[in-house]
Amino acid sequence: MAKRSTIKKAIEHHLQFTLAHSNDKNPEAFWKATSLAINDIVVEKLTTTRDRQNQPGVRSVNYLSLEYLMGRLLSNNLHNLAIYEEAEKAVKDLGFDLTDLCEQGADLALGNGGLGRLAACFLDSLATLDYPATGYGIHYQHGLFKQSFKDGRQIEEPDLWREFGSPWEICRPESAQLVPLYGHVEHINNADGSTTSKWQPSVQLKGVPWDIPIVGYNSDTVNVLRLWESRSDQAFDWDLFNRGDFLNAHGKNIQAETVSKVLYPNDEHEAGKELRFIQQYFFCACSIKDIIARHQTINGVDWAAFAKDTAIQLNDTHPTIAILEFMRVLMDEYQFTHLDAWALCREVFAYTNHTLLPEALEKWSVSLFERVLPRHLEILYTINEDFLNNEVSVKWPDDNQIRAKLSLIEEGGEKKVRMAHLCVAAAHKVNGVAEIHSKLVKQDLFPEFDALYPGKLTNVTNGITPRRWLKACNPKLSALLNKHVKEDWAKDLDSLSSLEKLADDAKLQKAFMDIKLENKKALADEILASTGVKVNPEAIFDIQIKRLHEYKRQHLNFLHIVALYRRLLENPELEMHPRVFIFGAKAAPGYRLAKEIIYAINKVADKVNNDARIKDKLKVVFLPNYRVSLAEKMIPAADVSEQISTAGKEASGTGNMKLALNGAVTIGTLDGANIEIAEEVGDDNIFIFGNTVEQVKAIKAEGYNPYSYYEQNAEIKAVLDWLDTDYFTPGKPYELSAVKHSLLDGGDPYLVLADYQSYSDAHQALDEAYRDEKRWARMAILNTALMGKFNSDRSINDYVDRIWQIKPCTK
């Protein structure tokens with residue numbers, strides 16, 4: 001373990017010789033120097049890890065994901081290396097506070113929400129458990145976007161996370177890959193009567209890899225997240241430049257760099273769709289070539305060993321094109337037959353489904369495929385023909401309806417490629433991410449595939465890393481847990497269950513809730529600094545943090561807030577513990593209703609927060625630019641965790657796990673992992689409301705009419721009608737009507753009104769529970785104590801046992 005003096009010398013060295021800041025007390029320079037000093041230790045471990053892993057017979061997993069929400073790395077790496085205290089002393093010797101220093105630097109925010117954060121947690125667990133693994137993604141120049149509010153409306157700006165570089169990443173130009181695009185396919189007739197297909201691309205990109213080391217906790221392993229940056233395969237057009245056409249001389253560079261410019265370009269228009277499609281192919285093509293190159297470095301051209309040594313996990317449908325690219329490389333560059341290439345594909349690929357929402361199951365137009373990836377479309381057609389004739393028709397002879405339903409090509413007005421279907425056909429295992437989700441994947445999403453491939457569809461419930469989501473982000477609670485739990489709970493989260501027998505202990509309850517109050521005070525300071533709103537830390541901190549989407553139902557929370565405000569205006573003496581509702585969420589730039597929901601929340605907050613009549617019993621805060629580093633402040637401070645998606649819509653959720661682990665009590669539907677959380681903590685320590693999956697189906701089958709709830713529930717009617725007035729937007733009536741119209745005229749697709757009364761009643765029960773201090777403290781402690789199942793280490797071991805079949809690689 002690195003000592004205080006060694007760390008101090010390394011920091012001083014990097015300040016002076018790497019950054020030329022020897023006498024400078026600039027916090028950013030000092031953060032960089034400290035990060036570089038720690039990275040020296042990391043890279044040394046990385047080198048020894050590679051020496052162990054790059055041996056014949058070592059099976060590794062390659063995790064392909066379009067998103068990674070890594071957050072900041074300094075604090076996490078220090079904790080995982082077990083040198084936080086030594087670094088804290090070294091930094092203090094040099095005149096800085098390590099806690100402040102860990103706040104420096106931008107988040108590595110290369111993701112949108114739970115999908116990207118899950119990928120980051122899984123990489124942490126893979127390294128912690130010493131499994132050989134490489135993550136693959138895109139080295140976005142900008143993250144999703146930086147969010148701010150102007151008059152309550154979301155404003156998007158570029159997220160300049162690496163404007164001046166990152167001390168944690170390492171460029172690997174020697175592993176750059178070339179990626180072909182567009183062009184046409186030539187069919188060459190051979191002497192033996194066979195035909196050879198040769199793709200003649202018209203554009204070529206260069207993929208340059210950047211490696212971010214992933215440090216395992218208390219382990220021998222440092223794995224790598226490899227992110228691909230897109231560049232032109234030439235510097236610029238020399239002739240155009242010399243003729244004075246400076247801008248056009250760089251045209252190819254600009255086009256190439258656009259591919260890795262930003263996460264999720266707006267795909268409301270055709271140009272955006274094409275860019276997003278190219279992004280996916282670009283990172284998949286680079287990753288497949290890199291995986292093959294690594295295999296050949298170790299094993300030579302021994303394809304028999306490839307399936308034994310290589311597992312490829314597709315995180316959602318975004319990396320699906322990796323299947324077709326692998327087929328193309330095998331057939332066109334290594335002369336595999338179609339059948340042999342397909343057989344190898346089915347040995348190495350596995351697929352994680354993250355959604356039941358039809359709009360999230362990607363479909364790309366055949367015309368787009370034909371223009372951008374003509375060779376891949378040919379291969380896809382052959383796969384589909386064989387699949388339908390040799391598998392589907394064998395099980396369901398002469399059933400054209402089943403053929404049409406299972407075909408990888410969706411017929412109709414515009415032919416489209418069903419990417420999820422391709423994943424299920426190609427993968428040897430397909431998993432959902434919570435028990436209820438995996439059941440619905442079999443039952444509702446892919447019932448015919450489940451019948452065709454018995455045993456292929458399985459479940460791996462998601463998890464979170466307790467290293468970041470408790471040990472690093474909540475140090476005071478971590479210190480308290482260390483006093484009461486003998487085992488290293490950050491590696492064995494089940495050991496926290498020993499707290500269950502202490503849940504009624506008065507001293508522990510006081511210590512636990514005192515820490516919660518301190519965390520709430522810290523968040524109150526953050527709220528004041530970023531929004532100007534002063535909140536009372538003694539109030540209930542009710543938090544909903546996640547991507548802004550109708551199915552996550554931030555607008556259900558919003559309607560209840562408006563109802564509470566109305567109740568308080570009618571009766572200022574209403575018996576109610578003061579409540580602060582805190583939101584964090586970004587809406588996709590093209591998602592108009594999501595943006596209107598943000599606007600409505602902010603306009604209501606403006607009114608509520610400045611209304612003296614309600615005596616500070618209610619406050620509403622929407623923190624801008626939700627990201628990992630902000631979540632690390634919000635989660636330890638939460639009393640209540642809002643997990644209120646329509647039953648059957650949230651695949652799993654991981655925010656629910658993080659909040660509960662930090663002592664927040666969940667109010668939620670029987671959806672996703674909420675069901676399993678309820679099973680772990682018990683019905684007395686969670687507030688469940690709303691229609692179940694079966695009831696939702698029944699309501700919709702009967703013909704759901706939101707107007708019936710509007711007409712029969714006086715509070716719902718009053719609240720929705722209030723949104724049509726100019727009360728919250730003086731001089732501008734109907735400014736907030738979009739929410740009302742989406743629920744009534746839009747058909748309320750996620751049953752907000754059907755669940756409203758149950759939600760309101762659950763909040764009333766929650767308020768009563770909170771006012772019983774001993775009862776609430778017990779509930780909070782039990783939520784922390786009983787989250788062992790939701791460790792991402794357990795998730796990874798489930799993947800290993802059920803899908804990957806890899807082994808730890810240690811010294």
Side-chain angles (χ1 to χ4, degrees), residues 61 63 69 71 76 79-80 82 114-115 117-131 133 214-219 221 223 313 315 352 431-435 437-438 459-474 477-478 481-482 484-500 628 631-632 635-636 641 643 651-664 666 672-681 685 781-804 806 808:
V61 63
Y63 197 81
L69 270 172
N76 194 75
H79 281 291
N80 281 11
L115 181 82
R117 186 51 232 174
L118 180 77
C121 285
F122 280 2
L123 292 184
D124 175 276
S125 286
L126 282 161
T128 295
L129 298 171
D130 292 309
Y131 288 122
I214 306 297
V215 182
Y217 172 77
N218 267 359
S219 82
T221 300
N223 285 327
Q313 188 71 31
N315 191 31
T352 301
N431 71 283
V433 291
E435 290 289 353
H437 171 241
S438 297
N459 175 66
V460 176
T461 297
N462 282 345
I464 58 170
T465 168
R467 276 75 67 177
R468 181 179 288 269
W469 294 113
L470 182 50
K471 190 175 182 68
C473 77
N474 200 343
L477 180 55
S478 297
L481 298 177
N482 290 341
H484 293 277
V485 180
K486 294 179 181 179
E487 294 84 356
D488 184 358
W489 55 263
K491 199 156 188 174
D492 175 17
L493 199 59
D494 285 324
S495 65
L496 288 183
S497 63
S498 62
L499 291 172
E500 186 174 8
V628 171
E632 289 170 338
I635 287 170
S641 165
Q643 308 296 331
S652 166
T654 52
N656 46 6
M657 303 169 188
K658 295 163 194 165
L659 286 152
L661 181 61
N662 283 269
T666 302
N674 289 355
I675 297 171
E676 292 166 73
I677 290 175
E679 289 171 354
E680 296 299 308
V681 304
N685 301 303
I781 290 169
L782 287 174
N783 269 270
T784 293
L786 300 173
M787 283 296 108
K789 176 178 180 178
F790 304 103
N791 188 351
S792 52
D793 296 355
R794 189 270 316 146
S795 299
I796 289 301
N797 279 326
D798 285 351
Y799 272 102
V800 168
D801 293 341
R802 299 172 192 177
I803 301 173
W804 298 335
I806 59 177

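Worth saying up front: this structure is predicted, and the values here are computed from it rather than measured.
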Just verifying a value: how many Å separate [X] [atom1] and [Y] [atom2], rounded to the nearest 0.5 Å?
X: H437; Y: I675; atom1: NE2; atom2: CD1; answer: 12.0 Å
X: S495; Y: K486; atom1: OG; atom2: NZ; answer: 12.0 Å
X: S478; Y: R467; atom1: OG; atom2: CZ; answer: 12.0 Å
X: I806; Y: I796; atom1: CD1; atom2: CD1; answer: 8.0 Å
X: E679; Y: I677; atom1: CD; atom2: CD1; answer: 10.5 Å
X: I214; Y: N223; atom1: CD1; atom2: CG; answer: 8.0 Å

Exercise for the section: Assess whether atom CD of E500 is packed by more than 12 heavy atoms of other residues, nucleotides or ligands within 6.0 Å. Expected result: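 Open: at most 12 neighbouring heavy atoms sit under 6.0 Å from CD of E500.
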
Heavy-atom side-chain proximity of [X] to [Y] below 4.5 angstrom:
X: T654; Y: C121; result: no
X: L659; Y: Q643; result: yes
X: W469; Y: M787; result: no
X: K471; Y: L477; result: no
X: S641; Y: K658; result: no
X: L470; Y: N662; result: yes
X: T352; Y: V460; result: no
X: N459; Y: N431; result: no

Between [X] (side chain) and [Y] (backbone), is there a donor-acceptor pair under 3.5 Å?
X: K789; Y: E680; answer: no
X: R794; Y: N462; answer: yes
X: E676; Y: E435; answer: yes
X: S792; Y: F122; answer: no
X: N80; Y: T128; answer: no
X: N315; Y: A119; answer: no
X: T784; Y: L661; answer: yes

Problem - Derivation of the side chain to side chain contact (heavy atoms under 4.5 Å, CB included) call for V628 and R468 - result: CA-CA 10 Å; V628 171; R468 181 179 288 269; 4.0 Å; yes

Between [X] and [Y]: side-chain donor-acceptor atoms closer than 3.5 Å:
X: W489; Y: D494; result: no
X: N797; Y: Y131; result: yes
X: D793; Y: S125; result: yes
X: N685; Y: N783; result: no

Practice task
Any chance you could lay out the side chain to side chain contact (heavy atoms under 4.5 Å, CB included) test for L493 and F790, step after step, and finish with the verdict?
Solution key: CA-CA 8 Å; L493 199 59; F790 304 103; 5.8 Å; no

Over all atoms of both residues, closest heavy-atom pair of [X] and [Y]:
X: P636; Y: C473; answer: CG-O, 3.5 Å
X: Y799; Y: Q313; answer: CE2-NE2, 3.9 Å
X: A651; Y: A434; answer: O-CB, 3.3 Å
X: L118; Y: G463; answer: CD1-O, 3.7 Å
X: P808; Y: L129; answer: CB-O, 3.8 Å
X: D124; Y: V215; answer: OD2-O, 4.2 Å

